[in-house]
Number of protein chains: 2
Amino acid sequence: MVLSRTSQYAVQALIYIATQAPGEPVLNRDIADRLNVPAAYLAKILQSLCKHGLLDSFRGRLGGFCLRDGMQKTSLMQVLLLTEGPDFTKSCILGLKECTDETACPMHFKWKPVKNKIIAMMNDMHLEDLAKAVQTGKYRLADLPAAAMPVA
Amino acid sequence: MVLSRTSQYAVQALIYIATQAPGEPVLNRDIADRLNVPAAYLAKILQSLCKHGLLDSFRGRLGGFCLRDGMQKTSLMQVLLLTEGPDFTKSCILGLKECTDETACPMHFKWKPVKNKIIAMMNDMHLEDLAKAVQTGKYRLADLPAAAMPVA
DNA sequence: TTCCTTAAAGAGGTTTTTGTCCGAATTATA
DNA sequence: TATAATTCGGACAAAAACCTCTTTAAGGAA
Ligand code: FES
Ligand code: FES
């Protein structure tokens with residue numbers, strides 16, 4: 001409805017990494033297993049997040065990915081601007097090229113406050129806080145494994 | 001950010017048709033020209049909306065599409081449930097299979113009110129009203145043609 | 001040094017979404 | 001009846017999103 005799969009994987013992975021001891025690299029394989037996400041694809045996403053400075057990566061034994069120093073406070077908006085592209089916040093819900101009060105589509109003035117709420121929400125959520133929430137054990141970062149699901 | 005291109009085309013087209021005299025079929029070609037969208041693709045979308053009962057279609061001379069009687073009051077939610085699928089309102093922003101208070105992801109309780117706002121908004125907007133808004137001339141259904149754009 | 005482990009890089013595959021084309025069916029009108 | 005205009009239906013094509021595989025480079029440990 002709002003985020004591409006790539007963005008979802010990126011956010012999930014970053015939150016997961018943020019729950020782990022800082023400075024201790026986390027294996028791509030472990031993240032993929034934990035989130036139940038395709039490992040080779042996730043690796044690409046993490047590599048891209050490295051290039052953009054959110055993560056540090058280390059090769060070889062004891063290698064893996066960890067949050068770059070200071071990046072605990074990264075907002076989801078910062079992440080989404082990378083994964084969804086710089087126009088993430090600029091789109092018209094009907095697909096018009098411009099979305100301004102002057103070029104409004106018939107949904108614009110209803111949509112604008114909702115869109116602003118989404119933007120504010122994404123600006124307001126930081127990896128740190130989301131990681132803490134997960135650490136309370138009250139929230140899920142991934143679907144339960146099939147084995148743990150009630151029989152259908 | 002929220003709607004597929006197909007949904008955007010569908011909504012634009014339905015609003016446009018709703019601005020035209022009821023009972024007077026509108027040509028697919030005219031809609032496509034007016035909205036500046038691919039005609040052959042739009043035709044598929046309109047055919048699908050016919051099958052789902054939102055539109056009536058007529059072949060041959062004086063043919064075209066028009067809103068089925070009584071469908072002026074169709075809400076955008078009704079349209080989107082067809083174009084985006086019946087799970088449109090059910091998705092978790094992180095992609096989890098379930099989105100309930102009991103299976104909450106770390107974004108759930110922030111996201112839920114925004115999502116509900118979107119749903120309420122879509123339930124609250126009807127083709128009729130959007131068409132009237134367009135008819136005031138204050139709102140755009142499509143981008144201005146390149147010819148009318150200021151030189152870049 | 002040699003081996004093992006890991007990420008990096010690039011090529012390529014699959015699936016979904018978006019878009020095109022064409023022939024057949026249908027209808028108004030001359 | 002012939003013709004032109006239109007939707008319908010199916011196959012196809014292109015692009016984007018999603019995902020895999022293989023090889024290479026780098027780092028740690030025996
Ligand atoms: S112009 Fe369409 S949402 Fe702003
Ligand atoms: S569980 Fe993720 S948004 Fe509801």
Side-chain angles (χ1 to χ4, degrees), chain A residues 1-13 17 20 23-33 35-68 80 82-85 87-88 91 94-95, chain B residues 1-13 17 20 23-33 35-68 80 82-85 87-88 91 94-95:
Chain A
M1 189 178 185
V2 166
L3 300 183
S4 66
R5 254 197 172 24
T6 298
S7 291
Q8 292 174 342
Y9 292 165
V11 171
Q12 285 179 295
I17 294 171
Q20 300 305 110
E24 299 267 306
V26 187
L27 290 191
N28 175 67
R29 174 163 26 90
D30 289 345
I31 306 172
D33 286 352
L35 302 179
N36 197 27
V37 143
Y41 190 51
L42 181 64
K44 295 295 185 194
I45 296 171
L46 296 182
Q47 280 165 34
S48 159
L49 294 175
C50 277
K51 284 201 195 126
H52 287 100
L54 265 54
L55 293 176
D56 282 319
S57 68
F58 305 94
R59 302 213 253 198
R61 281 215 181 171
L62 306 190
F65 297 89
C66 58
L67 274 182
R68 180 164 296 184
L80 296 180
L82 299 179
T83 54
E84 299 280 322
D87 293 344
F88 177 58
S91 60
L94 276 186
Chain B
M1 188 178 185
V2 165
L3 300 183
S4 66
R5 263 217 153 42
T6 298
S7 290
Q8 292 174 341
Y9 292 166
V11 170
Q12 284 178 294
I17 294 172
Q20 302 304 109
E24 299 266 309
V26 187
L27 291 190
N28 175 67
R29 173 163 30 85
D30 289 345
I31 306 171
D33 285 353
L35 302 179
N36 197 27
V37 308
Y41 190 50
L42 180 64
K44 298 292 187 198
I45 296 171
L46 297 181
Q47 281 164 34
S48 158
L49 294 175
C50 277
K51 285 203 193 123
H52 287 101
L54 265 54
L55 293 175
D56 281 320
S57 68
F58 305 95
R59 302 214 256 198
R61 278 217 183 177
L62 307 189
F65 297 88
C66 60
L67 273 182
R68 181 164 295 183
L80 296 180
L82 300 179
T83 54
E84 298 280 324
D87 293 344
F88 177 57
S91 59
L94 275 186

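Residue numbers start from 1 in every chain, and the chains themselves are labelled A, B, ... in the order their sequence lines are given, proteins ahead of strands.
A/Leu82 contributes atom CG, which lies 12.5 Å from atom CD1 of A/Ile45 (distance to the nearest 0.5 angstrom). Of the inter-residue distances, the one linking A/Leu46 atom CG with A/Lys44 atom NZ reads 11.5 Å to the nearest 0.5 angstrom.
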Quiz: residues 50-60 of chain A side-chain donor-acceptor pairs under 3.5 angstrom, not counting sequence neighbours:
unit_1: A/His52; atom_1: ND1; unit_2: A/Ser48; atom_2: O; d: 2.9
unit_1: A/Asp56; atom_1: OD1; unit_2: A/Arg68; atom_2: NE; d: 2.9
unit_1: A/Asp56; atom_1: OD1; unit_2: A/Arg68; atom_2: NH2; d: 3.1

Please list every donor-acceptor pair under 3.5 Å in which a side-chain atom of residues 1-12 of chain A meets a protein atom from a residue at least two apart or in another chain.
unit_1: A/Ser4; atom_1: OG; unit_2: A/Ser7; atom_2: N; d: 3.2
unit_1: A/Ser4; atom_1: OG; unit_2: A/Ser7; atom_2: OG; d: 3.2
unit_1: A/Ser4; atom_1: OG; unit_2: A/Glu84; atom_2: OE2; d: 2.8
unit_1: A/Thr6; atom_1: OG1; unit_2: A/Tyr41; atom_2: OH; d: 2.7
unit_1: A/Ser7; atom_1: OG; unit_2: A/Thr83; atom_2: OG1; d: 2.8
unit_1: A/Ser7; atom_1: OG; unit_2: A/Glu84; atom_2: OE2; d: 2.4
unit_1: A/Gln8; atom_1: NE2; unit_2: B/Ile93; atom_2: O; d: 3.3
unit_1: A/Gln12; atom_1: NE2; unit_2: A/Leu141; atom_2: O; d: 2.6

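A/Thr6 has no side-chain polar atom (N or O) that falls below the 4.0 Å cut-off from OP1 or OP2 of D/dA17. Between B/Ser57 and D/dT6 there is no side-chain N or O to OP1 or OP2 distance below 4.0 Å.
For DNA chain D, none of the residues of residues 47-55 of chain A falls under the heavy-atom distance limit of 4.0 Å.
On the nucleic acid side, DNA chain C has its first and last nucleotide under 4.0 Å of a heavy atom of chain A at C/dT5 to C/dG10, going 5' to 3'.
In this structure, A/Leu46 reaches neither bases nor backbone, as no heavy-atom distance under 4.0 Å exists between it and the strands shown.
Of the possible polar contacts, none joining the B/Asn28 side chain to the B/Phe65 backbone as a donor-acceptor pair under 3.5 Å is found.
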With the sugar-phosphate defined as primed atoms, P, OP1 and OP2, and the base as all remaining atoms, what B/S/- string results for nucleotides 20-30 of chain D, 5' to 3', for protein heavy atoms under 4.0 Å? B----BBBSS-
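Heavy atoms only, all atoms of each residue included: A/Leu27 and A/Gly63 are closest at CD2-O, 3.5 Å. In terms of heavy atoms, B/Leu67 sits closest to B/Ile17 at N-CG2, 3.7 Å. For A/Pro25 against A/Cys66, the heavy-atom pair with the smallest separation is CA-CB, 4.1 Å.
For the side chain to side chain contact (heavy atoms under 4.5 Å, CB included) test, no residue two or more places apart in sequence or in another chain qualifies with B/Leu62.
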